[in-house]
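Worth knowing before you read on, the calculation uses all heavy atoms, side chains too, and leaves out hydrogens, waters and symmetry mates. Start at 1 and go down the list; that is how both ligands and their atoms are numbered. No experiment lies behind these values; they were computed from the predicted model shown.
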Amino acid sequence: MHPIGLFDSGLGGLSVARVLFKRLPHEPLWVVGDTAHVPYGGRPLRQVRDFAMGLTQYLVDEGCRAVVMACNISSAVALEDARLRFAVPVFGMVEAGARAAAIAGESGPIGVLATAGTVESGAYTAAISALRPGASVLEIPCPRFVPLVESARWDSDEARCAASDYATPLVEAGVDTVILGCTHYPFLAKAIRAAFPYPIRLIDPADSVAADLENVLDLSPASGPPVHRFEATGDLKAFSEAGSTLLSYPFVAAHCPVWDAAAAGGHPLAASSR
Ligand code: DGL
C-alpha cells in the first residue's frame, strides 16, 4: 500500500505520527520535517502557504496516497488550496481540533495555544464558531514553545516557565478546555497541564485527524510491520536523535530534496518562498 505523507516545520509532525502509529498501526508513513525553515510561526502567512503547497506537492509526487498537514499553521493557510489542487485526500489539524473541542466542551470558553501565525490567521476561532455559534474562544500565541521543543528542552524550567506565562490569561478566564493548536505542543503537555491550578481537558487534534483518516481511506491490511520513511530538509542528525526520543521509535532521517530544485532556481511552487 502507498504511504500516507505527513509534514511539519520540524519535530511537531512526530506528535501526529505517534498517534497514527497507535491508531493506524499497519499504515506506512512518509514523514518530512522542514527543519531548514523551522519555525514557521513567525513567518509571513503567504510564505508558510508556499512551503505547505511545496511539501504537499513533493509527497504527492513521491506517490503518497494521502497527505496530512501535521502542522496547524499550514492547515490554517493552505488546506483549502491544497484540496483544490491535489487529487489525493489532504487532511489538516484545525478543523479536526475545533471539532474535538466543540464536542468535548460544554458551553464555557475554549482556549487555543498556538503559534503567532495560527493565531493571526483566526482559523481556530472561525472553525469553532462555525460549529458552535457564539462560542467564546481565547487564542494565545506561544512563540517560546517551538524553539524549546526543537532544542530538546521539552522537560525544562524554561518550558514550565513559558507554559505558566501562556496559561495565565486562560486561568484568569476560567478556561478548562484547551486545544494544543501546534503539533509541537503535545510534547509540552506535562508542563502545560501543570500550569493550570485545576484539571483541564487538553485536546490534541491528532486524535480527530486519525479518525478522519480511518473514515476516508481504505486502510492497509495487517501484513507485518510497515516500513516508514523519515526525511528532513535541515540537520539530519538533530532531527533523527530528538525525533527518535520523542517518537520512542529509532529512525535515521534522509535528506528531503523538496527545496533543492528551488535552490537551483527550478521548483515552481517553492520559488516564491526563497
Ligand atoms: N508545528 C507547527 C504547527 O502546528 C509549526 C510550528 C512552527 O514551526 O512555528 O503550527
Quiz item: Does Tyr40 use its side chain to pair, donor to acceptor, with the backbone of Gly117 at less than 3.5 Å?
Solution: no
Self-check item: Under 3.5 Å donor-acceptor, Ser74 side chain and Ala70 backbone
Solution: no
Exercise. Measure from the ring center of Phe7 to the ring center of Tyr58 and say whether it is less than 6.0 Å.
Key: no
Practice problem: Using the six-membered ring wherever Trp is involved, compare the ring planes of Phe230 and Tyr249 and label them parallel, tilted or perpendicular (cut-offs 30° and 60°). | Solution: tilted
Quiz prompt | Check: Ser75 side chain, Met69 main-chain N or O, donor-acceptor pair, under 3.5 Å | solution = yes
Practice problem: For the pair Arg229 (side chain) and Ala254 (backbone), establish whether a donor and an acceptor sit closer than 3.5 Å, ignoring hydrogens and angles. | Solution: no
Quiz prompt | Contact residues of ligand 1, where a non-hydrogen atom lies under 4.0 Å away | solution = Asp8, Ser9, Val38, Pro39, Tyr40, Gly41, Cys71, Asn72, Ile73, Thr115, Val146, Cys182, Thr183, His184
